[in-house]
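Below: one structure, written as structure tokens.
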There are 2 protein chains.
Amino acid sequence: MNLPPLAAIRVFEAAARHGNFTKAAEELGMTQAAVSYQIKLLEERVGSPLFLRLPRQVVLTEIGARLAPATTEAFEILRAAFATTRESADGILTIATIPTFAATWLVPRLGSFQMENPALAVRLKSGREMTDFVRQEADVGIRSGTKEWAGLVCHKLFQANFTPMLSPALAASIGGVKTPADLLKLPILDPSDPWWNIWFSLVGIEKPALRGDLRNRLGDQHLEGRAVLAGQGVGILTPFFFQPELQQGQLIQPFDIVGSSEHAYWLVYPEARRNVPKIRAFRDWMLGQLGEATA
Amino acid sequence: MNLPPLAAIRVFEAAARHGNFTKAAEELGMTQAAVSYQIKLLEERVGSPLFLRLPRQVVLTEIGARLAPATTEAFEILRAAFATTRESADGILTIATIPTFAATWLVPRLGSFQMENPALAVRLKSGREMTDFVRQEADVGIRSGTKEWAGLVCHKLFQANFTPMLSPALAASIGGVKTPADLLKLPILDPSDPWWNIWFSLVGIEKPALRGDLRNRLGDQHLEGRAVLAGQGVGILTPFFFQPELQQGQLIQPFDIVGSSEHAYWLVYPEARRNVPKIRAFRDWMLGQLGEATA
DNA sequence: ATGATTCATAAGTACCCCTTATGGATCATA
DNA sequence: TATGATCCATAAGGGGTACTTATGAATCAT
């Protein structure tokens, strides 16, 4: 069963509702001639007249009258579906983010975003894989990398610096950390991390003898940070992620020297959607937050 | 609230149902590229992706999944509506006919048509006004006129002949009708009918002195025929309409001479619908009936 | 490694659909 | 009765959408 042309059905629906071709044309934003044309088309397809042409008015035929309510109902369903879709699509912001960033920076600040955008619901998808906007449902992504990506708008959030950190208790256990070499007395969380060699090289120590279990690979800087906070060892972390803990003294950054990786963290989203309101709102909020923090 | 392009919605519905652009394209009779194009169009209109493009398959996104059932439902409604419409339109034959023809010829024979076309229901609309297929709901019309009409297929049914008729009792009341002049002794139903002058002229009598009340204008040959049958007077009638009564002797046609009007009775229907099955069926049956009657 | 399958994209074209313009018919008003 | 307003039908013509074709990329199977 093939439906008649949908454009014709739509015109018929409006014309039946108004009982007037001219008014239907106005509603649909087209000319009266176009309505007349489409109705005629539909009548030929259906095989019988749908309207009786009375002087200065049109009236549904029996068949037209039977058809009209069904078409109206169908279009109501479509209108409702697409209306709520638009709302829900506009009302839910899905952020695909690196777990560390989510836990240390984003989640604590989401309250502020919600305050500014009470109509927006936020959904987080944190995962290690790089956000692929074609294969995953996400509005914006937070990822790390060395350069920008084609097809995406990329806002550089911060550089992935790193420096050793430890808990005050652990530092006290050896009478405080005065020189980089002091760190070698303490257990190192994840000694396999290449950042260690880079950092020690910066302070003049090549091939440091790191104490610690090579199997300690928590795999995620956020988890490593929790271990450091618990005093389980020294970690090499990105200061940006642990600003509150550093300020409150729960964590110590013994040296100002930071290593600089070529990686940076980025906020990204498809170029085609750069003007979607919820995406603009999130971008503006996020860049604002970073601006305040650095200012 | 403006709906996205309906063509795109239709494609989306099929694609969602199949979960496969290629299959949807087959169902819709178009190429896979066209499906891809329409889905992309719809996604841009909606403002968010509707499918996730996974390797060798597509999967509905959350928004797509919410949209899909509604679209399917809407199209089901439309499909059902137009399917039953087609059936019902095909199943009811509406005949707009002159009352006389309906009463004297058509109705007595409709049983035969029903036997041949058990699936067709017949609806009669008898009225004096000429059938206007634009302003009235009718599939075929029976009308009288002098020539064919533009835009309509016209089958000439018979010429509107006329000749005096009366009941046997009335004829006996004056010892039988032997010559046309005998008729002048009897009351004439509707002496104002112009057919009288024409007929008497044919038999050599100019300006006949007709007895009868000028106000007797029944207006319809069928009603006049009933009055003649009741013996109320002489009528000038079309033999075609009263064949059964003539054969059974309820009515007498005293003279073979018939007047011939330029009017004829026609079966007509819009040219554009000449091949609609129910119309073909009726035309074939009707012409067949007339052929038998004259043969 | 090769072919099959699936979707995306670019280019080009056909034709549908709409607009413009006009006419016919009816109704209202002077 | 004439004149204007309203409403729909129709013809002509152009623009643009929505196809098709062709090709590419990615994945999966053999």
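Here the structure is a predicted model, which is why all the values come from computation and not from measurement.
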When the distance from [atom1] of [X] to [atom2] of [N] is rounded to whole Å, what number comes out?
X       : N       : atom1 : atom2 : answer
L52(B)  : dT6(C)  : CG    : P     : 18 Å
I39(A)  : dC17(C) : CD1   : P     : 13 Å
F133(A) : dA8(C)  : CZ    : P     : 18 Å
Q57(B)  : dT5(C)  : CD    : C1'   : 12 Å
R56(B)  : dT27(D) : CZ    : C1'   : 6 Å
L6(A)   : dC17(C) : CG    : C1'   : 14 Å
H18(A)  : dC7(D)  : NE2   : P     : 13 Å
L42(A)  : dC16(C) : CG    : C1'   : 16 Å

L157(B) vs W266(B), side-chain contact (heavy atoms from CB on, under 4.5 Å): CA-CA, chis, key distance, verdict = CA-CA 5 Å; L157(B) 300 177; W266(B) 305 79; 5.5 Å; no
Ignoring hydrogens and angles, state whether a donor on the side chain of T72(A) or E13(A) is under 3.5 Å from an acceptor on the partner side chain.
-> yes
Check: S126(A) side chain, P99(A) main-chain N or O, donor-acceptor pair, under 3.5 Å | no
Nearest listed nucleotide, side chain of P55(B), among dT26(C), dC7(C), dC28(D) = dC28(D)
Is [X] close enough to [N] that one of its side-chain N or O atoms is under 4.0 Å from OP1 or OP2 there?
X      : N       : answer
K40(A) : dT10(D) : yes
S36(B) : dA8(C)  : yes
N20(A) : dT6(D)  : no
R53(B) : dT6(C)  : no
T22(B) : dC7(C)  : yes

Aromatic plane relationship, F241(B) with F158(B) - under 30° parallel, 30 to 60° tilted, over 60° perpendicular = perpendicular
State the CG-CD distance between N20(A) and E26(A), to the nearest 0.5 angstrom.
-> 8.0 Å
Give the C-alpha distance, both sets of side-chain angles, the deciding distance and a yes or no for side-chain contact (heavy atoms from CB on, under 4.5 Å) between F12(A) and F51(A).
-> CA-CA 10 Å; F12(A) 167 73; F51(A) 287 97; 3.7 Å; yes
Can the ring centres of F282(A) and Y269(A) be said to be less than 6.0 Å apart?
-> no
Enumerate the protein-to-nucleotides 18-20 of chain D contacts in which both atoms are nitrogen or oxygen and the separation is below 3.5 Å.
from, atom 1, to, atom 2, distance (Å)
dC19(D), OP2, Q38(B), NE2, 3.0
dT20(D), OP2, T31(B), N, 2.7
dT20(D), OP2, T31(B), OG1, 2.7

